[in-house]
Structures are given as C-alpha cells and as structure tokens.
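Working notes, beginning with the structure itself.
Along the sequence shown, the residues carry numbers beginning at 1. Side chains are part of it too, since the values below use all heavy atoms of this structure and drop only hydrogens, waters and symmetry mates.
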Amino acid sequence: MNKHLTSMIDLTKEDILDLIQLGEDLKFKRKNNIPHKYLEGKTLGMIFEKASTRTRVSFETGIFQLGGVGEFLSSNDLQIGRGEPIKDTARVLSRYLDIIMIRTFKDEVVKELAQYSSVPVINALTDNEHPCQVLADLMTIKEYKGQLQGLKVAFIGDGNNMVNSYLIGCSIMGMDISIASPEGYKPNDFYVEKAKEYAKATGSKIEISNSPIAATKDADVVVTDVWASMGQESEAAERIKAFKGFQVNMELLSYAKKDAMVLHCLPAHREEEITDEVLEAHANEIFDEAENRLHIQKAIMVKLVEVNY
C-alpha cells in the first residue's frame with residue numbers, strides 16, 4: 001500500500017483484496033477473543049471537522065482493540081481551527097502521533113495533511129470521497145456473495161462522496177456499477193472518467209442514468225444513501241422533490257436479482273431514500289456493513305503502520 005489512504009485511487013486491486021482478507025482475519029479474532037494487539041503503544045490522532053457516530057466509535061474502538069490509544073481532536077481543540085496552516089499542523093502532529101485520521105470537508109485538506117505528515121494519514125470522509133466506508137461495503141459484499149469480480153452494483157440516489165468512491169472501488173475490482181441519479185445530482189465527472197480508465201483494464205461496465213429501474217435491473221447489490229448529506233440540510237426540502245421516484249422500495253427491488261443484497265452506510269432516513277420495510281428485510285446486511293467499518297479500519301491502520309502480524 002501507499003503510505004497514506006487519502007482516496008480510493010491510492011489503492012490497487014491487490015491492496016483492496018489484502019485489506020479485506022486482513023479485515024476478515026481481524027473480525028474472526030475479535031469474535032473469538034484472540035489477542036491481536038498489533039499496534040501496541042501506537043497513538044491515533046482523530047481530527048473531526050465533521051461530526052460522526054460510526055467514524056469516531058469505530059476508529060477509537062479499533063485502535064484500542066489493536067493495543068493503541070485514540071486521541072479525539074475536534075477543530076475547536078486544534079490551532080488549525082484558528083488559522084494555523086495545515087502543513088504546520090501536519091508536521092507538529094507527526095512528532096506526537098503514529099497515525100492521523102481526518103474527517104473534513106475539502107479533499108485538499110487531506111492531501112496537504114498527507115503531503116507534510118511523516119506518519120500515515122487516513123481519509124475518514126470528505127465532501128468528495130468516503131474510502132473507509134466503501135472498503136467496508138466491499139468487505140460485506142464479499143462476505144455475502146463470496147466474490148467481487150463480475151457482480152453488478154446499483155447505486156440509487158445522490159451522486160455524492162459514496163458514489164465517487166464506489167465508482168473507483170468497483171471499477172478497480174472488475175465489478176459493474178450502474179448509478180441512477182436525478183438531473184443535477186449526477187456523480188463527479190472526474191470520478192466517472194477515472195473509473196472508465198480502470199474499467200478498460202478490468203472489463204467492468206459503468207452506467208450513469210436517471211432511471212432507477214434500469215440501474216437496478218439484474219443487480220446483485222443495491223445501494224443507497226441519504227438524499228441530503230451533512231452540510232446540505234438547507235436543501236432537504238428541494239432534494240425530496242428532486243429525488244421523488246428514487247426511493248429503494250420493494251417494487252424497485254423486484255427488478256434486481258432475487259438474492260440481491262441491500263446496503264446503506266447509515267444513518268438512514270426511513271421512508272425517504274429507503275423504506276422501513278426494505279431496511280428491516282435487509283437489516284443483517286446493513287448492520288454487518290456498519291460493523292465492518294471497525295474491522296476494515298483496523299486493517300487499514302495495521303497495513304499503513306507496516307507492523308508484523
């Protein structure tokens with residue numbers, strides 16, 4: 001792996017498979033109370049400019065289970081929130097910490113942090129990407145389907161950071177991905193074009209449309225996310241109108257394969273992007289997906305620190 005995980009683009013197919021395999025091993029060890037303190041004595045700094053439930057708890061719990069310590073750092077706690085240059089913050093924190101995790105708005109912040117940090121930096125979410133979540137999703141898909149290559153993923157909803165990371169992850173792994181979004185809410189062109197480059201080598205198919213039915217047809221996995229992400233609350237009413245017809249419900253799922261699984265990175269707005277009926281019918285998959293954030297992030301930390309395990 002590269003020194004940092006700032007984007008799904010930092011990863012190769014082999015990296016993703018290695019992370020999933022290690023994540024599965026760490027999950028097995030956790031379930032069977034087998035010690036795995038591979039990062040004993042290490043410290044993870046967790047910078048949060050965006051609030052979170054799953055990200056904070058999974059990283060803080062994960063570093064503890066690996067034998068290390070997590071330090072929660074909000075923007076109110078750091079000089080970065082008072083105008084200190086990111087490159088200065090990176091160089092100072094590198095003297096104290098062994099890993100830096102950041103959940104922020106702009107990708108440029110993560111990239112600059114990584115550029116000036118002498119320790120690994122992990123992108124725990126930006127406006128454009130969510131690599132840790134998509135890696136957890138890929139791990140979950142492999143758990144349920146036994147493979148990744150050749151499967152079809154349908155993403156229904158906003159062309160947000162999840163979609164961008166899915167485009168890269170699926171195209172690297174040789175998975176077909178079909179995205180249905182309303183006009184004006186399509187995925188970022190940069191990630192679409194980048195995914196097409198990967199697809200030439202892996203044979204995956206990439207489809208972008210405004211038809212949830214066409215996207216869902218014969219899908220092995222159906223994915224959705226909230227229509228208004230964090231920071232877009234003022235657009236919620238407008239988005240509810242725009243996304244009418246893009247709800248994942250039982251009628252839409254009838255176009256997918258009979259054994260199709262459903263994923264949602266949570267939190268879910270039931271009866272908006274997904275019905276309560278669908279979420280409860282696929283709760284095992286969705287909450288395994290949430291749990292796998294813990295295991296895959298532990299794998300990421302172990303790989304980036306390059307310890308023996």
Side-chain angles (χ1 to χ4, degrees), residues 5 8 11 16-34 36 52-66 122 124-125 130-157 160-163 165-166 169-170 173 175 177 216 219-226 248-250 252-253 256-270 273-303:
L5 177 56
M8 287 296 291
L11 301 170
I16 293 172
L17 290 173
D18 285 348
L19 285 169
I20 291 173
Q21 184 177 21
L22 180 54
E24 291 169 341
D25 179 63
L26 293 171
K27 185 173 185 176
F28 175 83
K29 286 182 167 68
R30 172 63 181 162
K31 299 289 186 184
N32 291 278
N33 296 313
I34 300 170
H36 50 284
S52 169
T53 298
R54 278 152 288 276
T55 299
R56 178 175 178 179
V57 175
S58 57
F59 266 108
E60 198 162 355
T61 301
I63 190 67
F64 173 77
Q65 291 177 2
L66 290 167
I122 300 170
L125 177 141
H130 203 350
C132 293
Q133 181 64 63
V134 168
L135 287 167
D137 286 18
L138 293 175
M139 177 177 170
T140 309
I141 294 167
K142 185 172 179 292
E143 278 184 339
Y144 277 80
K145 297 296 184 181
Q147 65 184 76
L148 293 175
Q149 189 163 349
L151 297 181
K152 178 183 176 180
V153 174
F155 195 106
I156 312 300
N160 60 14
N161 51 5
M162 282 291 292
V163 170
S165 291
Y166 252 108
C170 287
M173 298 310 299
M175 304 167 74
I177 181 164
T216 306
D220 298 281
V221 187
V222 179
V223 189
T224 191
D225 193 5
V226 292
V248 175
N249 51 39
M250 286 299 187
L252 183 63
L253 283 184
K257 290 183 180 176
K258 289 184 178 180
D259 64 346
M261 60 190 294
V262 175
L263 296 178
H264 191 308
C265 64
L266 302 176
H269 294 172
R270 297 176 188 233
E273 75 276 0
I274 189 169
T275 61
D276 184 79
E277 182 181 17
V278 169
L279 197 151
E280 290 301 327
H282 294 272
N284 287 344
E285 298 141 40
I286 290 168
F287 289 100
D288 279 341
E289 172 192 11
E291 178 188 336
N292 284 340
R293 281 285 298 278
L294 170 67
H295 308 300
I296 203 72
Q297 287 166 184
K298 287 166 69 175
I300 292 166
M301 289 189 283
V302 169
K303 284 285 189 180

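Arg30 has no carboxylate O lying under 4.0 Å from a charged side-chain N of Glu291, or vice versa, which leaves the two without a salt bridge.
In this structure, CD1 on Ile177 lies 10.5 Å from NZ on Lys152, to the nearest 0.5 angstrom. Remark: Met139 CE to Asp288 CG distance equals 9.0 Å, nearest 0.5 Å. From His282, atom NE2 reaches atom CG of Leu263 across 10.0 Å, with rounding to the nearest 0.5 Å. Within the model, atoms CG of Asp25 and NZ of Lys298 stand 10.0 Å from one another, a figure rounded to the nearest 0.5 Å. For the atom pair CG (Leu151) and NZ (Lys145), the distance works out to 7.0 Å, reported to the nearest 0.5 Å. To the nearest 0.5 Å, the span separating OG1 on Thr140 from CG on Leu135 amounts to 10.5 Å.
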Given side chain to side chain contact (heavy atoms under 4.5 Å, CB included), test Cys132 with Ile300 step by step and report yes or no.
CA-CA 8 Å; Cys132 293; Ile300 292 166; 4.0 Å; yes
Pair Ile16-Met8, side chain to side chain contact (heavy atoms under 4.5 Å, CB included): steps then yes or no
CA-CA 9 Å; Ile16 293 172; Met8 287 296 291; 4.1 Å; yes
Given the rule in the side chain to side chain contact (heavy atoms under 4.5 Å, CB included) test, do Val222 and Met261 qualify, once you have shown the distances and angles that lead to the verdict?
CA-CA 6 Å; Val222 179; Met261 60 190 294; over 6 Å; no
Any chance you could lay out the side chain to side chain contact (heavy atoms under 4.5 Å, CB included) test for Glu280 and Arg270, step after step, and finish with the verdict?
CA-CA 10 Å; Glu280 290 301 327; Arg270 297 176 188 233; 2.7 Å; yes
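Side-chain contact check for Thr61 versus Val57: some heavy-atom pair is nearer than 4.5 Å. Put simply, the side chain of Gln21 does not reach to within 4.5 Å of the side chain of Leu17, judged on heavy atoms. Looking at Pro267 and Thr53, their side chains never come closer than 4.5 Å, going by heavy atoms from C-beta outward. Within the 4.5 Å cutoff, no side-chain heavy atoms of Leu22 are placed close to those of Leu19. For the pair Tyr144 and Asn284, the minimum side-chain heavy-atom distance is below 4.5 Å. Put simply, the side chain of Thr55 reaches to within 4.5 Å of the side chain of Arg293, judged on heavy atoms. Contact of the Ile141 side chain with the Met175 side chain is registered, since non-hydrogen atoms from C-beta on lie closer than 4.5 Å.
Across every non-hydrogen atom of Tyr166 and Val223, the tightest pair is OH-CG2, 3.6 Å. Closest heavy-atom contact between Gly62 and Met301: C-CE, 4.1 Å. Shown here for Ser58 and Leu294, the closest heavy-atom pair between the two residues is O-CD1, 3.4 Å. In plain terms, the two heavy atoms of Leu148 and Leu138 that are nearest each other are CD2-O, 3.5 Å. Closest approach of Ala219 to Ala154, counting heavy atoms only: CB-CB, 3.9 Å.
Residues forming a salt bridge (Lys or Arg N to Asp or Glu O under 4.0 Å) with Lys27 (at least two apart in sequence, or on another chain): Glu143. Residues passing the side chain to side chain contact (heavy atoms under 4.5 Å, CB included) test with Leu266 are Arg54, His264, Ala268, Ile286, Phe287, Ala290, sequence neighbours excluded. Every salt bridge (Lys or Arg N to Asp or Glu O under 4.0 Å) that Asp220 has, sequence neighbours left out, goes to Lys257.
Using a 3.5 Å distance cut-off with no hydrogens or angles, the side chains of Gln133 and Asp137 do pair a donor with an acceptor. Checked by atom type, the side-chain pair Glu273/Thr224 shows no donor-acceptor distance below 3.5 Å.
At least one donor-acceptor pair under 3.5 Å links the side chain of Asn160 to the backbone N or O of Met162. Under the 3.5 Å distance criterion, the side-chain polar atoms of Glu285 are matched with a main-chain donor or acceptor of Val262. Listed for the Asn249 side chain is a donor-acceptor partner under 3.5 Å among the backbone atoms of Leu252.
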